[in-house]
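Note that the structure is predicted; figures quoted are calculated from it, not measured. Letters A, B, ... are given to chains in the order of the sequence lines, protein chains preceding strands, and every chain is numbered from 1.
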Amino acid sequence: MKRLITLCLALVLALSLTACGQAKPQSAEIFAMDTIMDFTVTSGDAEPLLSEAQKQIYRLENLLSRTREDSDVSRINLGGIQPVDVSQETADLLQKAVDYSALTDGAFDVTIAPVMSAWGFTKDEQRVPSQTELDALLPTVDSGQIILNGPTVTLGSGQLIDLGGIAKGYASDRMAALYQQYNAAGFVSLGGNVWVSAAKPDGSPWSVAIQDPNNSAGYLGILHLSDTFSVTSGGYQRNFTQNGKTYHHIIDPQTGYPADNGLISVTIISSQSGTLCDALSTAMFVMGEEEATDFWRSGVCTFEMVLVTDDGRVLLTPGVADHFESSEDNDYVYETIN
Amino acid sequence: MQNSTRRLTLCAILTALALSLSYMEQFFPLSLIIPLPGIKLGLANIVTVFALCTLGAPSACTILIARCLLGALFAGNMNALIFSLLGGISALLVEILLLHNRRLSLYGVSIGGAAAHNIGQVAAAVLTLGNTAPVAYLPLLLGVSLFTGSLTGFIAGLLFYALHNNSLMKSSGNSSKS
Amino acid sequence: MSTKPLIKLKPTLWDGAVAVAILALAVGLGAFMWHQSQTAGDHLTCVISWDGQVVQTVELSKVEKYMTVSVGKPTVCVVELMPNQVRMKSSDCASQACVHTGWISRAGQSIVCLPNRVVVELTGGTSDVDVVLGG
């Protein structure tokens, strides 16, 4: 009897291990800002954080979406050349957009909106606009014409703005602040705008893969990051084909046509700002390899980047080269920019 | 006439006993070890198995349902009802089955009852939580039931010894149970 | 007078049999669940959701050659699955961006049809990636 009891005790103790398990990370996924947004919390109070995060995203969407009639952006667009009063938050973001436009010599420009509409990207009814159409619209593409005075915004004649190229980056900044406020670890992916927190539960950096622009099923490589924002822009993400030609969604503000400067994918990494990553990912793509590397060298903005050219090269800035693990199953030539 | 009064009295006493056992066992922090809310040791099973042997299945069933309802009412917690009912009825059914085998002693029946009681409790947890996560605790609970079953069997045995010569038992002892 | 014992009060060998049976059940159940948890994580799984609700989960290793999943009533998107990759086979959306995405094969990658709110995600597998940029 005693031996039976001992045996039972031992077995019960062994079996109790089946009830043990690691705490699973909590996730949420929502549709917002015309894309899909994922939130993951690996440590910290997940439920209140996730619910607050979603509230914030919807709030920002209501504020900044071009397709919502009562958003700040829509009110600005409907205001014509009249001054429009908006929230200070929108005005500040617009100011940042205008600043990036100036810094990148117009490669990033939120006043590209009328041209985006002409291409049908806004309403998901893609078409190729005629040269005459574009000639009429291009003069309105000029962030320099926007007048900002506190919370008052005045557009130039015929201008419309679309904050879609910077809103998700801004949202990722707000998410980072929210996670810090809740003392939580994890990451978010807002339509591809990624922010990862300081460290994984086991202290190691996060593995952030960059999509291979030429192979939907593969990766370019993996970035090992912590407490960092990163955004990838590429023509392969949104495009349509007409009469045998493919047109993507990153329009060059100078030509009115999809940017065609030798780059097929641009990844910007920054530990400071998601807004910067979002804006620069578009700007560098439009600029092309030479201008982009010149811009990076100038040090006007601090960031790291990964460029993929249309002739099969992957260019990395030194700061990110140490944290990048290239994938073996592709034929890219990896180079470091200096 | 006397028999039925004695039966009724015995039933009442056993119900009270089961209730107090139910009340007592909530002080044992089982949910710290096995984090399922409402989980119990199943000491009231002592009464169930005793009643089964001495009074027969129908009476035992009545006592069980009565103490589950009253217990939940007194505790002010109707959620506990589903745990004690499912646990208790499962134990009752298995014990009725096991009692048909005359080669089993009180210990065997009690252990079987305790195991069934735990299966019933896990089933209740699955129903209240809406997912199958509680099943993970079943292996552990089944192992534990060997102990709790032996314990309840032992105490039930004490009950038999104590009431062996009692007048209450003498009158009802020779009835139906085979 | 002592009555005939209603039940044996001393433990017997048969009691041991009951105990062993319960133990066997416990061990068997434990082993089964452990086995499930070990193998579940290794399989690449395709999770298809529509409007935020999961409509189907498919373990790719269980796909024999090829299968399709229709999403929506009436169907708005059709997902095509093979043992090692999935893609959006067809969709009634205007831009067809989801169809143009092509095949995905790694955990963390996803195909999204925004107009129809359909998400096709790959999870599980031996994934060394936490999140995918620009996918």
Side-chain angles (χ1 to χ4, degrees), chain A residues 1 4 7-8 11-12 14-19 21 29-31 34-36 38 40 42 120-121 123-126 187-189 191-194 196 200 206-211 213 215-220 222-223 230-234 236-241 246 265-267 281 306 325, chain C residues 11 15-16 19-20 22-24 26-37 47 49 51-54 82 84-88 93-98 100-119 121-123 127-135:
Chain A
M1 192 59 192
L4 181 63
L7 178 65
C8 294
L11 271 162
V12 164
L15 288 168
S16 64
L17 290 174
T18 58
E29 190 174 83
I30 57 171
F31 286 97
D34 200 28
T35 187
I36 188 160
D38 281 293
T40 302
T42 53
F121 282 119
K123 286 217 169 68
D124 203 28
E125 293 157 356
Q126 291 91 350
F187 55 87
V188 301
S189 173
N193 285 48
V194 170
V196 294
K200 269 186 178 170
W206 301 90
S207 300
V208 181
I210 303 181
Q211 179 69 45
N215 175 12
S216 59
Y219 299 142
L220 205 63
I222 300 179
L223 292 163
S230 47
V231 178
T232 301
S233 282
Y236 64 93
Q237 291 167 330
R238 270 168 89 176
N239 55 51
F240 69 98
T241 310
T246 307
S265 163
V266 170
T267 304
S281 69
V306 180
E325 186 193 317
Chain C
D15 296 336
V20 167
I22 292 171
L23 210 55
V27 172
L29 199 58
F32 174 73
M33 289 180 344
W34 181 82
H35 178 76
Q36 286 291 81
S37 71
V47 181
S49 35
D51 220 358
Q53 307 277 64
V54 177
M82 292 178 75
N84 55 351
Q85 55 186 8
V86 305
R87 70 166 176 154
M88 192 71 83
C93 63
S95 62
Q96 297 283 297
C98 49
H100 288 150
T101 308
W103 295 96
I104 56 169
S105 66
R106 318 265 202 117
Q109 291 181 319
S110 60
I111 305 171
V112 182
C113 181
L114 278 168
N116 286 318
R117 303 187 141 220
V118 173
V119 181
E121 278 171 305
L122 286 177
T123 62
S127 179
D128 40 358
V129 168
D130 296 305
V131 61
V132 181
L133 269 174

Undergrad: Go through A:I36 and C:V119 one step at a time and tell me if the side-chain contact (heavy atoms from CB on, under 4.5 Å) criterion holds.
TA: CA-CA 9 Å; A:I36 188 160; C:V119 181; 3.0 Å; yes
Undergrad: Side chain from CB out, backbone as N, CA, C, O: work out which of these in A:Q126 comes under 4.5 Å of a heavy atom of chain C, or both, or neither.
TA: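 Only the side chain of A:Q126 comes within 4.5 Å of chain C.
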Undergrad: Between A:L223 and chain C, with a heavy-atom cut-off of 4.5 Å, which part of the residue counts as in contact: side chain, backbone, both or neither?
TA: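 Contact with chain C is through the side chain of A:L223 alone.
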Undergrad: Name the option with the most non-hydrogen atom pairs under 4.5 Å to chain A; the candidates are C:V129, C:V86, C:L29.
TA: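 Max contact count across the listed options: C:V129.
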Undergrad: Donor-acceptor check, side chain of C:D130 to backbone of A:S207, threshold 3.5 angstrom: yes or no?
TA: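 Looks like yes, one N/O pair under 3.5 Å.
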Undergrad: May I have the step-by-step check of side-chain contact (heavy atoms from CB on, under 4.5 Å) for C:M82 and C:R87, ending in yes or no?
TA: CA-CA 9 Å; C:M82 292 178 75; C:R87 70 166 176 154; over 6 Å; no
Undergrad: How far apart are the C-alpha atoms of C:Q109 and A:Y219, what are their side-chain angles, what is the distance that settles it, and do they pass the side-chain contact (heavy atoms from CB on, under 4.5 Å) test?
TA: CA-CA 10 Å; C:Q109 291 181 319; A:Y219 299 142; 3.6 Å; yes
Undergrad: Side chain, backbone, both or neither: which part of A:I222 has a heavy atom under 4.5 Å from chain C?
TA: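 Contact with chain C: side chain only.
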Undergrad: Of all the heavy-atom pairs spanning A:T246 and A:T241, show the shortest one and how long it is.
TA: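 Closest approach of A:T246 to A:T241: OG1-OG1, 3.6 Å.
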Undergrad: Less than 4.5 Å apart, any side-chain heavy atom of C:V132 and any of C:R106?
TA: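 No, side chains not in contact.
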Undergrad: At a 4.5 Å cut-off on heavy atoms, which part of A:D38 comes close to chain C: side chain, backbone, both, or neither?
TA: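 For A:D38, side-chain heavy atoms alone lie under 4.5 Å from chain C.
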Undergrad: Please classify the contact of C:V131 with chain A as side chain, backbone, both or neither, using a heavy-atom distance under 4.5 Å.
TA: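 For C:V131, backbone and side chain are both near chain A.
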Undergrad: Quick one: what part of A:S230 sits under 4.5 Å from any heavy atom of chain C, side chain, backbone, both or neither?
TA: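 For A:S230, heavy atoms of backbone and side chain both lie under 4.5 Å from chain C.
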Undergrad: Need one label for A:F121: side chain, backbone, both or neither, based on atoms under 4.5 Å from any heavy atom in chain C.
TA: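 For A:F121, no heavy atom lies under 4.5 Å from chain C.
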Undergrad: Count the heavy-atom pairs under 4.5 Å between each of C:S49, C:S95, C:G102 and chain A, then report the option with the highest count.
TA: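 With the most close heavy-atom pairs to chain A, the winner is C:S95.
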Undergrad: Among A:G218, A:S233, A:S189, A:G234, which residue forms the greatest number of heavy-atom pairs with chain C at distances under 4.5 Å?
TA: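 Most pairs with chain C among the choices: A:G218.
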Undergrad: What is the minimum heavy-atom distance between C:M88 and C:C98, and which atoms define it?
TA: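 What the structure gives for the nearest pair is CB-O, 3.6 Å.
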